[in-house]
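One structure is given here, and the rest of the page talks about it.
Since the structure is predicted, the reported quantities are computational estimates derived from the model, not experimental observations.
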Amino acid sequence: MDINRYSPRYGVNYKHMTKLADFSTEEIFEFLYAARAMKDKFIAHEDTRIFRDVTLALLFGDTSLRTRSALEIAIHQLGGDCINLPYNERDMRAGENIKDIVTVLARYGVGALVTRGIKQRELDDYVSVSPIPIINSTNDDFDPVQTVCDLFTIWERKKKLEGLKIAYIGKGTHVASSLIMGAVKCGMEVAVATPAEFRLKREHILRAEQYGSITITDDPYFAAKDADVVYTDSYRYHSKPSEEEMHIMAPYKVNNSLMSTARPDAMFMHPLPASRGVEVTADIIDGKHSAVMEQAENKLHAIKGILALLIE
C-alpha cells in the first residue's frame, strides 16, 4: 500500500502501543501522518496544546536520556504535564497489583502510562486491565515508538516507503524486532544480517513474515546490497561487551566498504546512543549518508503524534 495515496482520518481503534503487530498498515500510516502534522505545526510555531488537563505518567525500569526527554518535552508542548513514577521489580514481586496501579492512575486523571524496561509478558497483563493507554517506549522484545520515528524519517527523506529496501546490520535487538515488523507492513523489502550468536528471536521473524518477505543472512554485504536504508544499533548500551562479542560483531561494523554496496543515495540510520568505531565508523554516522540527527529530532514529533491518537 502506497502511503502517499492514503487519506488519514487521524484516529486508531486500538489504544495501547506495546508492539506494532497489534496495528494494521493503515493504523501505522495514521501514526506517521500524525507525526508529520505535529512536525509541520512545530515548524510553523502553531499552538498544539490539546492536552491542557492531561498528565502523562512514566514508569521506567531502565535508564533513558533521549526517550525520557522527548516524552517530557512532547507532553509539555501538547499542553499537559508529566510525572515520573518509581519502578522496582522487588515492589512488584512484593504484591503490588497491576490493576490497582493503572486504575488508580486513571482516577488521578493520568491520560496514559508510558513504560520502559518492563517485560512484554507483564505489559500484556497491564493492557488486559488498564482503562488508560499503555505505551511501551522500549523493552527486551520491542521498541514500537522508535520504529514509528524511523518510518517517518524514511518517508520524509525518501518521499515513500513501499518498494524501498531496508537492511538491518548487527546484533538482533528489540529495535530490529520492531523495525522489521513496521517495514514489512509498510511494503518495504527487508534484509537482516546478524551473526548466528545474536540472531533475532525466531518468533519475531515468523510473525513479521506473515506480512512480507524478509531475507535473513549472516552476510552483511549481501544484506546491504542495493539497500535504500542501512540501519544498525548499539550493542554496548548497558554493559561493556566481552572481547569475544567484539570479535564476533566486528564484520558487522557499518563502514564505507559496506555502504558502498548500498544504493548511492542510501541513508544510514541508528537509534542512538552510538559507539563510533564499534558498530559504525565516525565517517558514516557523521557523514552525508547519515539521517541520525533527523531520527533523533523526529522522535519528538513521532511521540506527539502517538499521544495525540492514543489519548482520548
Exercise. Are F42 and W155 connected in a single hydrophobic cluster, I mean Ile/Leu/Val/Met/Phe/Trp/Tyr linked by side-chain heavy atoms less than 4.5 Å apart?
Worked result: no
Seminar exercise, completed: Between G117 and D62 the two heavy atoms that sit nearest each other are CA-CB, 4.0 Å
Exercise. Given the rule that I, L, V, M, F, W and Y join up when any side-chain heavy atoms are under 4.5 Å apart, are V280 and M246 in one cluster?
Worked result: yes
Exercise. Is it true that a side-chain atom of T215 and a backbone atom of A191 form a donor plus acceptor pair closer than 3.5 Å?
Worked result: no
Exercise. When you measure from the side chain of R263 to the backbone N and O of A227, does any donor-acceptor pair fall under 3.5 Å?
Worked result: no
Exercise. Do side-chain atoms of S178 reach the backbone of F142 as a donor and acceptor pair under 3.5 angstrom?
Worked result: no
Exercise. So, the side chain of H289 versus the backbone of A266: is there a donor-acceptor pair under 3.5 Å, distance only?
Worked result: yes
For this session: Determine, step by step, whether K299 and T67 satisfy the side chain to side chain donor-acceptor pair (under 3.5 Å) criterion, reporting the C-alpha distance in whole Å, the side-chain angles of both residues, the deciding distance to 0.1 Å, and the verdict.
Result: CA-CA 8 Å; K299 178 165 274 192; T67 299; 3.1 Å; yes
Going by atom type alone, with no hydrogens or angles, which donor-acceptor pairs under 3.5 Å involve a side-chain atom of residues 98-110 and a protein atom two or more places apart or on another chain?
from, atom 1, to, atom 2, distance (Å)
T103, OG1, K99, O, 2.7

Exercise. If you measure from CE on M293 to CD1 on I285, what distance do you get to the nearest 0.5 Å?
Worked result: 6.5 Å
Problem set entry | H16: side chain to side chain contact (heavy atoms under 4.5 Å, CB included) partners, not counting sequence neighbours | Y14, V127, S130, I134
Problem set entry | Test item: side-chain donor near acceptor, T217 and D219, under 3.5 Å | no
For this session: Report the C-alpha distance between Y6 and E30 in whole Å, list the side-chain angles of each, state the deciding distance to 0.1 Å, and finish with yes or no for side-chain contact (heavy atoms from CB on, under 4.5 Å).
Result: CA-CA 9 Å; Y6 180 76; E30 291 288 339; 2.6 Å; yes
Exercise. Should the heavy atoms of other residues, nucleotides or ligands under 6.0 Å from CD of E244 be counted, would the total exceed 12?
Worked result: no
Problem set entry | Check against side-chain contact (heavy atoms from CB on, under 4.5 Å), H270 and V254 | CA-CA 11 Å; H270 191 303; V254 179; over 6 Å; no
For this session: Go through V190 and L179 one step at a time and tell me if the side-chain contact (heavy atoms from CB on, under 4.5 Å) criterion holds.
Result: CA-CA 9 Å; V190 178; L179 183 67; over 6 Å; no
Exercise. Is there a chain of hydrophobic side chains (I, L, V, M, F, W, Y, each step under 4.5 Å between heavy atoms) that links F152 to I154?
Worked result: yes
Problem set entry | Pair E279-D233, side-chain contact (heavy atoms from CB on, under 4.5 Å): steps then yes or no | CA-CA 7 Å; E279 71 270 9; D233 190 12; over 6 Å; no
Exercise. Got H174 and Q146 here, is their nearest side-chain heavy-atom distance under 4.5 Å?
Worked result: no
Problem set entry | Shortest non-hydrogen contact from A308 toward M38 | CB-CE, 3.7 Å
Exercise. Does any non-hydrogen side-chain atom of E27 lie less than 4.5 Å from one of L309?
Worked result: no
For this session: Starting at CZ of R36, measure out to OH of Y33 and round the result to the nearest 0.5 Å.
Result: 5.5 Å
Exercise. Just by modelled atom types, is the V175 backbone N or O under 3.5 Å from a matching donor or acceptor in the D143 side chain?
Worked result: no
Problem set entry | Euclidean distance, D283 CG relative to F268 CZ, rounded to 0.5 Å | 10.5 Å
Exercise. For S260, what residues pass the side chain to side chain donor-acceptor pair (under 3.5 Å) criterion, not counting sequence neighbours?
Worked result: none
For this session: Could you pull out the closest heavy-atom pair between I132 and G111, with the gap in Å?
Result: CB-O, 3.9 Å
Exercise. Would you call T153 and M267 a side-chain contact if the rule is heavy atoms closer than 4.5 Å?
Worked result: yes
For this session: Decide whether Q120 and D140 meet the rule of one side-chain donor and one side-chain acceptor closer than 3.5 Å.
Result: no
Seminar exercise, completed: The reported gap from CE in M181 to CG in L20 (rounded to nearest 0.5 angstrom) is 7.5 Å
Would you give me the side-chain donor-acceptor pairs under 3.5 Å for residues 71-83, sequence neighbours excluded?
from, atom 1, to, atom 2, distance (Å)
E72, OE2, N84, ND2, 3.2
Q77, OE1, K304, NZ, 2.8

Problem set entry | Any side-chain heavy-atom pair of P271 and Y231 under 4.5 Å | yes
For this session: Please tell me if the side chains of L272 and L65 come closer than 4.5 Å, counting only heavy atoms from C-beta onward.
Result: no
Exercise. CG of D228 to CG of L161: how many Å apart, nearest 0.5 Å?
Worked result: 11.0 Å
Return all side-chain donor-acceptor pairs below 3.5 angstrom for residues 192-212, not counting sequence neighbours, or 'none' if the list is empty.
from, atom 1, to, atom 2, distance (Å)
K201, NZ, D141, OD1, 2.7
H204, NE2, D141, OD1, 3.0

Problem set entry | Contact check, side chains of V292 and Q295, non-hydrogen atoms, under 4.5 Å | yes
Problem set entry | Residue pair S257 / Y221, side-chain donor-acceptor N/O under 3.5 Å | yes
Exercise. Does the S290 side chain pair with the main chain of G287, one donor and one acceptor, at a distance under 3.5 Å?
Worked result: no
For this session: Specify the closest pair of heavy atoms between P220 and D218, including all atoms of both residues, with the distance to one decimal.
Result: CD-O, 3.4 Å
Exercise. Does I50 share a hydrophobic cluster with L56, counting links as ILVMFWY side-chain heavy atoms below 4.5 Å and allowing steps through other members?
Worked result: yes
For this session: Would you please name every residue forming a salt bridge (charged side-chain N to carboxylate O under 4.0 Å, His left out) with K165, sequence neighbours left out?
Result: none
Exercise. Less than 4.5 Å apart, any side-chain heavy atom of K39 and any of E156?
Worked result: yes
For this session: Indicate the ring-plane relationship of F31 and F23, choosing parallel, tilted or perpendicular according to the 30° and 60° boundaries.
Result: perpendicular
For this session: Flag yes if more than 12 heavy atoms outside D265 fall under 6.0 Å of its CG atom; otherwise flag no.
Result: yes
Exercise. Backbone N or O of L258 within a donor-acceptor pair of the N255 side chain at under 3.5 Å?
Worked result: yes
Exercise. Cluster question for you: counting only ILVMFWY and a side-chain heavy-atom cut-off of under 4.5 Å, with indirect links fine, are I303 and L123 together?
Worked result: yes
For this session: Determine the minimum heavy-atom distance between N136 and V145, stating which atoms define it.
Result: O-CG2, 3.8 Å
Problem set entry | Candidate pair D22 and K19, rule salt bridge (Lys or Arg N to Asp or Glu O under 4.0 Å), full reasoning | CA-CA 6 Å; D22 293 328; K19 56 185 184 297; 3.3 Å; yes
Exercise. Does K253 use its side chain to pair, donor to acceptor, with the backbone of G277 at less than 3.5 Å?
Worked result: yes
Exercise. With a 4.5 Å heavy-atom cut-off, do I28 and V148 have their side chains touching?
Worked result: no
Problem set entry | Any donor-acceptor N/O pair, E189 side chain to L164 backbone, under 3.5 Å | no
Exercise. Got a sec: does the CZ of R9 have more than 12 other heavy atoms crowding it under 6.0 Å?
Worked result: yes
Exercise. Where is the tightest heavy-atom contact between I169 and A223, given as atom of each residue plus distance?
Worked result: CD1-CB, 3.9 Å
Exercise. Is the number of heavy atoms from other residues, nucleotides or ligands under 6.0 Å of F222 CZ greater than 12?
Worked result: no
Problem set entry | Reported CD-to-NZ distance for the pair E312 and K15, which is rounded to 0.5 angstrom | 5.0 Å
